Amino acid sequence: MKKSSIFCIFIASLIFVTGCKKDQDTVTLSAVINQPSKVFINDQNYPCWESGNNPDMIYVNDAPYPVSDVEPNNRTVAKLQVVSCTNGYRAIYPASIVPEGSDILNNTVQVTLPSRQIYNTTSVAGVNYQKVQIPMGAYIASGNTLRFSNLCSVIRVTVDNPSDATEDRRIKEIRIDADNTYLSGTGTAAIGTNDDDNKITISNVQTNKKYVVLSQQNTNYRLVNLEPGQSKSFDIVVPEFSDRDNITITVTAEQGYKKMKFDNVTLDHSSYVATTINVKDLRPNPAKLVSGSTFNSRVKNNFVTGSTVTKIKFEYNITTTPDNATELQINDSPSSTPIYGYVSGDTYFVVTAADSIYAASDCSDMFMGMVTLADIDFGSQFNTKNTTSIYQMFSGCNQITELEFPETFYTDHVTNMGNLFYSCSSLQRIVLPETFNTDRVTLMDHMFYNCSSLTTIECGANTTGNVLSLNTAGVTSLQAMFSGCSSLQTLDISSFDISNVQSMWSMFYRCGALSSLTLPSNLNAPALTTMQSMFLGCSNLTSINLTSLTTDGSLTNTQDMFNGCNNLTSLNLSNLNTTQVTHIRAMFKNCKNLRTLTLGYNFEINGNIIQYYGEMFLLTGYDLRNSGGCTVHCTQGIVDFIRGDSSNNAGVDDHYLTFSADVTAPPTGSK
């Protein structure tokens with residue numbers, strides 16, 4: 001099979017020349033397209049500038065200029081009338097790719113590479129061309145000729161509907177997927193400063209998408225209609241890359257799609273490669289499933305109390321549909337392959353003639369409350385790339401013991417994961433794929449709530465140690481996330497970022513078996529308002545590293561935070577700010593083995609705002625098996641408040657608790 005080297009980067013860099021003083025003078029420059037650079041192309045790879053009513057715009061130094069006076073017999077040459085400059089000219093085509101606010105004085109431009117390219121055609125001298133805006137750059141220190149070179153690579157996909165085909169093929173989209181290389185995202189472009197070194201290089205492309213799509217502006221329009229015996233070529237711009245990668249080209253028609261995979265591809269600067277895809281035979285288009293709540297309403301009645309149906313199985317590429325099947329696909333997708341559901345034995349089958357099923361954007365409640373459901377087999381092609389919410393997707397599935405997700409379970413666009421496995425009380429093992437991306441998630445509250453049998457969470461490449469590598473930079477609530485996970489013994493959430501988290505209420509409440517908890521090294525939480533019951537009942541933890549826990553004045557509730565942590569031996573809260581806390585009741589209650597407690601100068605019990613502080617130190621350090629009790633290192637203000645409490649509401653026992661006023665406030669203004 002022919003291998004293809006392709007891949008273009010819709011990125012460009014414009015650099016303005018320092019010291020170039022603009023005035024009213026203008027100068028005429030020649031814009032020359034060097035092979036294999038192209039602007040729009042016919043089947044003979046002939047490149048052209050476009051002028052007239054909709055001319056090509058080139059960014060020169062600090063402004064876009066239209067090309068004009070294109071030579072009729074050599075359309076690779078055009079004229080530009082630009083503001084004169086004594087220190088040379090830098091130019092980028094197309095002008096639209098130069099972002100506003102580019103750091104041109106430092107010869108760099110940050111640009112976002114699009115994952116979607118728009119197919120367009122234009123007529124030049126009576127010939128129809130595909131208009132391909134391939135990023136090009138040029139530089140001259142002197143003279144008047146800008147010679148443009150490519151910044152990227154091009155793949156030509158020729159779609160062929162052979163003469164022995166029986167029907168037209170209405171082509172809607174061409175897509176290129178790479179296994180490892182990102183084809184879109186943000187990158188840095190820089191241009192050379194010599195006439196002989198005007199290649200613009202792109203580096204530091206940040207994670208975004210590993211695919212690029214060519215389609216019409218309106219997705220209802222087709223690229224072309226091919227009758228039997230017709231073919232059409234399309235050019236797609238992709239970034240260059242030096243490492244060998246595997247890419248897949250998919251041609252989608254209204255009647256189905258065709259895929260071709262190429263292994264070990266390397267794309268060099270300005271490379272131009274071609275391949276042909278025969279679309280006589282097509283696979284059925286992907287099937288599109290109804291929303292989560294609609295799926296639940298149509299299927300849940302099979303999993304009620306007393307039912308013998310205990311499994312859901314997704315199957316693809318079926319050839320026949322059972323008579324008792326009901327439809328489950330989205331009704332407003334006429335080009336989507338139908339999906340059917342039916343019961344056979346103890347299994348509810350979800351089947352389609354397509355080789356993949358695309359889940360809806362909203363998968364909330366999809367399997368919620370299916371009380372007899374014990375097993376879900378998604379197969380390998382249950383695709384959630386368009387899904388934005390998986391809120392309480394498996395909530396109340398209290399018979400499921402294991403959930404393993406396919407690699408097509410994408411969560412790139414998901415914002416809500418709240419209640420995801422809520423009260424899955426029999427769930428012992430969860431296997432999350434590497435595609436489980438939480439970059440856009442804002443809510444994770446009650447995510448594993450009351451998963452009382454859960455012992456193993458495998459996340460991506462981490463198959464041991466319950467290392468939960470999730471991006472929580474945008475998360476605002478971790479409330480009760482692991483509450484009731486009473487069988488979980490180890491947990492590593494060192495990757496968590498809590499800088500935007502507002503609630504950690506009951507986050508590890510009743511995690512009685514938890515003996516090892518690895519927290520992030522940076523626990524800066526300026527938005528945090530409540531930590532109530534955060535570790536309540538974590539009776540097996542001997543240490544919790546909270547030295548870096550830093551809160552601002554937004555924190556108002558620490559009630560029961562460590563209540564029942566009776567094996568905890570030391571605790572350092574030197575950066576915890578409680579100046580606005582109104583609820584601090586029973587915060588250290590029943591920490592019977594606590595021997596050292598360090599409270600910083602921002603740990604205050606403000607008598608003007610505290611409403612509830614009773615039993616704060618009740619039974620703290622109280623363990624008859626160990627002598628010495630607990631020493632509390634704190635400010636004099638804490639000592640005065642506690643000693644001034646004649647009724648001893650704080651539960652202080654002089655025999656077991658000693659206050660050491662050895663924490664002093666910093667100089668005024670540095671607090």
Side-chain angles (χ1 to χ4, degrees), residues 115 182 185-186 206-210 291-293 358-368 378 382-395 403 405-424 427 430-451 454 457-462 466-483 485 491-508 518-520 522-531 534:
S115 57
Y182 289 98
T186 301
Q206 302 300 311
T207 300
N208 194 345
K209 300 294 182 186
K210 295 180 180 178
S291 69
S293 58
Y358 280 76
S361 61
D362 188 355
C363 285
S364 302
D365 308 333
M366 188 168 180
F367 305 99
M368 183 184 69
F378 288 105
F382 182 83
N383 195 307
T384 57
K385 76 170 188 175
N386 298 318
T387 300
T388 60
S389 177
I390 51 177
Y391 173 70
Q392 59 186 26
M393 188 172 179
F394 305 96
S395 176
L403 273 174
F405 296 90
E407 287 297 321
T408 53
F409 197 88
Y410 300 99
T411 56
D412 294 21
H413 300 287
V414 171
T415 59
N416 191 345
M417 290 186 177
N419 292 26
L420 181 58
F421 305 106
Y422 187 98
S423 282
C424 292
L427 187 59
I430 300 173
V431 182
L432 302 174
E434 291 188 14
T435 52
F436 197 81
N437 183 343
T438 59
D439 289 357
R440 299 191 184 187
V441 176
T442 59
L443 297 173
M444 289 184 176
D445 54 288
H446 299 87
M447 189 171 174
F448 302 95
Y449 177 84
N450 202 32
C451 291
L454 185 63
I457 305 174
E458 298 177 17
C459 186
N462 300 304
N466 292 339
V467 180
L468 200 56
S469 300
L470 303 178
N471 183 355
T472 61
V475 174
T476 60
S477 179
L478 296 173
Q479 179 170 312
M481 184 176 184
F482 302 98
S483 178
C485 292
L491 183 62
D492 184 337
I493 58 169
S494 56
S495 69
F496 279 28
D497 179 344
I498 62 171
S499 57
N500 287 302
V501 173
Q502 299 171 17
S503 175
M504 286 183 165
W505 178 81
S506 295
M507 186 174 177
F508 303 101
T518 305
L519 298 172
N522 182 1
L523 286 168
N524 183 31
L528 196 58
T529 61
T530 178
M531 302 176 88
M534 184 173 176

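For clarity, every value in this text was computed on a predicted model and none was experimentally measured.
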For this session: Please examine the side chains of L478 and D445, heavy atoms only from C-beta on, and report whether any two atoms are closer than 4.5 Å.
Result: no
For this session: Please identify each residue that fulfils side chain to side chain contact (heavy atoms under 4.5 Å, CB included) with T411, with sequence neighbours left out.
Result: I390, F409, V414, M417, F436, N437
Problem set entry | Distance-minimising heavy-atom pair for A473 and N471 | N-OD1, 3.0 Å
Problem set entry | Value rounded to 0.5 Å, distance of CZ in F496 from CG in L470 | 5.0 Å
Problem set entry | Nearest heavy-atom neighbours spanning C459 and V467 | CB-O, 3.6 Å
For this session: Kindly give the heavy-atom pair with the smallest separation between C485 and F448, and that separation in Å.
Result: SG-O, 3.3 Å
Exercise. Within the side chain of T529, is there an N or O that forms a donor-acceptor pair under 3.5 Å with the backbone of Q502?
Worked result: yes
For this session: Indicate yes or no for a side-chain donor-acceptor contact from T435 to the backbone of E407 under 3.5 Å, with no hydrogens or angles considered.
Result: yes
Problem set entry | T476 (side chain) donor-acceptor with N500 (main chain) under 3.5 angstrom | no
Problem set entry | Sequence-distant partners of N522, side chain to side chain contact (heavy atoms under 4.5 Å, CB included), two or more places apart | N524
Exercise. Looking at side-chain heavy atoms only, is the closest gap between L454 and I430 below 4.5 Å?
Worked result: yes
For this session: Please assess M368 against N419 for the test side chain to side chain contact (heavy atoms under 4.5 Å, CB included), listing each intermediate value before the final yes or no.
Result: CA-CA 10 Å; M368 183 184 69; N419 292 26; over 6 Å; no
For this session: Might you point out which heavy atoms bring T387 and A360 nearest each other, and give the distance in Å?
Result: OG1-O, 2.9 Å
Problem set entry | Pair F394 and F405, ring centroids less than 6.0 Å apart | yes
Problem set entry | Close side-chain approach of I493 to M507, heavy-atom, < 4.5 Å | yes
Exercise. Got F421 and I457 here, is their nearest side-chain heavy-atom distance under 4.5 Å?
Worked result: no
Exercise. Can you name the side chain to side chain contact (heavy atoms under 4.5 Å, CB included) partners of T408, sequence neighbours left out?
Worked result: Q381, N383, P406, Y410
For this session: Return the minimal non-hydrogen interatomic distance between M504 and I498, and the atom names on each side.
Result: CE-CG2, 3.3 Å
Exercise. Roughly how far, to the nearest 0.5 Å, is the CH2 atom of W505 from the OG1 atom of T530?
Worked result: 8.5 Å
Exercise. What's the spacing between S395 OG and F367 CZ if we round to 0.5 Å?
Worked result: 13.0 Å
Exercise. Can you tell if the side chain of L443 reaches within under 4.5 Å of the side chain of T415, non-hydrogen atoms only?
Worked result: no
Exercise. To the nearest 0.5 Å, what is the distance between CE (M447) and OG (S477)?
Worked result: 12.0 Å
Problem set entry | Spacing of M481 atom CE and T472 atom OG1 [to the nearest 0.5 Å] | 8.0 Å
Problem set entry | Donor + acceptor pair across side chains of S389, S364 (<3.5 Å) | yes
Exercise. Between L491 and F508, is any pair of side-chain heavy atoms under 4.5 Å apart?
Worked result: yes
Exercise. Okay, side chain of T388, backbone of S361: is any donor-acceptor separation there less than 3.5 Å?
Worked result: yes
Seminar exercise, completed: In this structure, CG of L468 is separated from CE of M444 (nearest 0.5 Å) by 7.5 Å
Exercise. Which pair of heavy atoms, one from S483 and one from S506, lies closest together, and at what distance?
Worked result: CB-O, 3.3 Å
